[in-house]
Amino acid sequence: MRVLVTGGAGYIGSHTTLELLANGHHVVVVDYLSNSSAESLRRVAGLAERPVELVEANVGEAAALDAVFARFAPEAVIHFAGRKAVGESTRLPLLYYRENVAATITLLETMAVHDCRRIVFSSSATVYGSASEAPFAEDAPTAATNPYGRTKQMVEQILADAAAADPALSVAVLRYFNPIGAHESGLLGEDPKGVPNNLLSFVAQVAAGRRTGLQVFGNDYPTPDGTGLRDYVHVVDLAQGHLSALDRLGEGGGYRVWNLGSGRPASVLQVIEAYARAAGTRIPYRLVAARPGDVAASYADVTKAERELGWTAHRSLDQACADTARWQAGSPDGYAAG
Ligand code: NAD
Ligand code: WQD
């Protein structure tokens, strides 16, 4: 298939682009590199031994997007492009509504003009908020608690309405839990700019001696060791979930939602211990107050993805830590060194 991947130079997009190429699909990436580098795609092309074209454009730019559709005629779109930092979204909500919501409308309009009727969308477990308790099934109520999460909820609604209005439109909403890990080659991984927002990226930089001051947010949650429980899912498993979703979209129009998680909760302390084992080092940390807005436990009910997509996350937390440690050792400055 010819697949347009928005945000394909980023963390999850680059791993998914590699899986697409490895499975014989043709890929064009649209990414304006606001949080990534073209080097990730050079490495993807090297690993796949196949070319991948990068068009440096904002998905919200209708003319640029139209030109890509006219030339490449994609049969499906995987839409990763978007901003994802919760704290930043509270400071800059309009940027988030423009880049995550308005840009998606431009994308859907362009798809309609070019008769492209299949889209996989990157949503997030953050949409569940605190409206119900883990494990979250796809029909649990949603109630995002910050502007970033609300952009995901809004786009889900827009996609549902668009699919209801056009029976030929085939939509897969994938709600990722906590993506971690790296490609087993050590050549692809997460390359956060500045202070990492997510736990494992921070832990990896502390283990590598690049950063000090790891804080564990909260140790009196009602969980086995008192720290927060999350559903960490290996990025390569996640990437493969997109190919399973693409297969299902071929079966006809409609709006469908699947959780992509491991379904196996791990605590903050378990993540730190697993990474310390993988990297063969001690990881100092301090227990501090809970982070405002955090829930005690967030993990997936994965039965729907297993049943309908035939997809499960096979890789363990230990494997994800080993792969991240390999990426960290091989590319200590991320993609910056080329
Ligand atoms: P990322 O920042 O590494 O990748 C996003 C990519 O999109 C970047 O390469 C960025 O340059 C590009 N981009 C952003 N806005 C764009 C725009 N308007 N036009 C063109 N390119 C644009 O993030 P990621 O972790 O790979 O996340 C991918 C998607 O998955 C995002 O939509 C994110 O919200 C969602 N998601 C991520 C996580 C996570 O923890 N990583 C969890 C749940 C959902
Ligand atoms: C994981 C656990 C923290 C950092 C976020 C977004 C969510 C989704 C995934 C995009 C929690 C604890 C963290 C630290 C810590 N992204 N922690 N010390 O908050 O589950 O989800 O990323 O969609 O929308 O909200 O992930 O990695 O920040 O935290 O103790 O320095 O680690 O309290 O229990 P989170 P996280």
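Along the sequence shown, residues are numbered consecutively beginning with 1. Bear in mind the structure is a predicted one, so any value in this text is a computation, not a measurement.
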Looking only at the side chains, is there a donor atom on one of [X] and [Y] sitting less than 3.5 Å from an acceptor on the other?
X	Y	answer
Gln328	Tyr275	no
Arg175	Thr142	no
Thr227	Asp225	yes

Between the side chain of [X] and the main-chain N/O of [Y], is any donor-acceptor distance below 3.5 Å?
X	Y	answer
Tyr232	Gly181	no
Arg210	Pro332	yes
Thr106	Ala62	no
Arg43	Leu187	yes
Asp231	Phe177	no
Asp237	Arg315	yes
Arg50	Leu21	yes
His25	Met1	yes
Asp323	His183	no
Arg2	Phe72	yes

Worked verdict on His15 versus Phe80 for ring pair (Phe, Tyr, Trp, His ring centres under 6.0 Å): CA-CA 12 Å; His15 288 82; Phe80 293 103; over 10 Å; no
Run the salt-bridge test on [X] and [Y] with the 4.0 Å N-O cut-off and return the result as yes or no.
X	Y	result
Arg91	Glu88	no
Asp166	Arg117	yes
Arg307	Glu138	no
Lys152	Glu156	no

Hey, would you say the Tyr335 and Trp327 ring centroids sit under 6.0 Å apart? yes
Hydrophobic cluster membership, [X] vs [Y], 4.5 Å side-chain cutoff:
X	Y	value
Val173	Leu108	yes
Leu238	Leu246	yes
Ile78	Leu4	no
Leu18	Val236	yes
Leu200	Val233	no

With a 4.5 Å limit on heavy-atom distance, are the side chains of [X] and [Y] in contact?
X	Y	answer
Val86	Asn197	no
Pro196	Glu190	no
Ile180	Val271	no

Before you tell me yes or no, could you show the steps for Leu199 and Asn178 under side chain to side chain contact (heavy atoms under 4.5 Å, CB included), namely the whole-Å CA-CA distance, both residues' side-chain angles and the distance that decides it to 0.1 Å? CA-CA 9 Å; Leu199 174 65; Asn178 292 60; over 6 Å; no
Listed once per pair and sorted, the salt bridge (charged side-chain N to carboxylate O under 4.0 Å, His left out) pairs that draw on residues 62-73, sequence neighbours left out: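 Every pair satisfying salt bridge (charged side-chain N to carboxylate O under 4.0 Å, His left out) with a residue in residues 62-73: Glu53-Arg71.
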Hey, is [atom1] on [X] packed in by over 12 heavy atoms from elsewhere, all under 6.0 Å?
X	atom1	value
Glu133	CD	no
Glu184	CD	no
Glu49	CD	no

Picking from Asn259, Thr145, Val295, what satisfies side chain to side chain contact (heavy atoms under 4.5 Å, CB included) with Tyr128?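 Of Asn259, Thr145, Val295, side chain to side chain contact (heavy atoms under 4.5 Å, CB included) with Tyr128 is met by Asn259 alone.
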Can you name the closest pair of heavy atoms from Leu260 and Ala305 and give their distance?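 So the minimum-distance heavy-atom pair works out to CD2-CB, 4.5 Å.
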Stepwise side-chain hydrogen bond (donor to acceptor under 3.5 Å, both in side chains) check, Asp318 with Ser316: CA-CA 5 Å; Asp318 285 337; Ser316 65; 5.1 Å; no
First locate atom OG of Ser89, then atom OH of Tyr148, and finally report the distance between them rounded to the nearest 0.5 Å.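 Going from OG on Ser89 over to OH on Tyr148, the span is 9.0 Å.
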From the options Trp258, Trp311, Tyr176, select the one residue that forms a ring pair (Phe, Tyr, Trp, His ring centres under 6.0 Å) with His242.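 With His242 as partner, ring pair (Phe, Tyr, Trp, His ring centres under 6.0 Å) holds for just one option, Tyr176.
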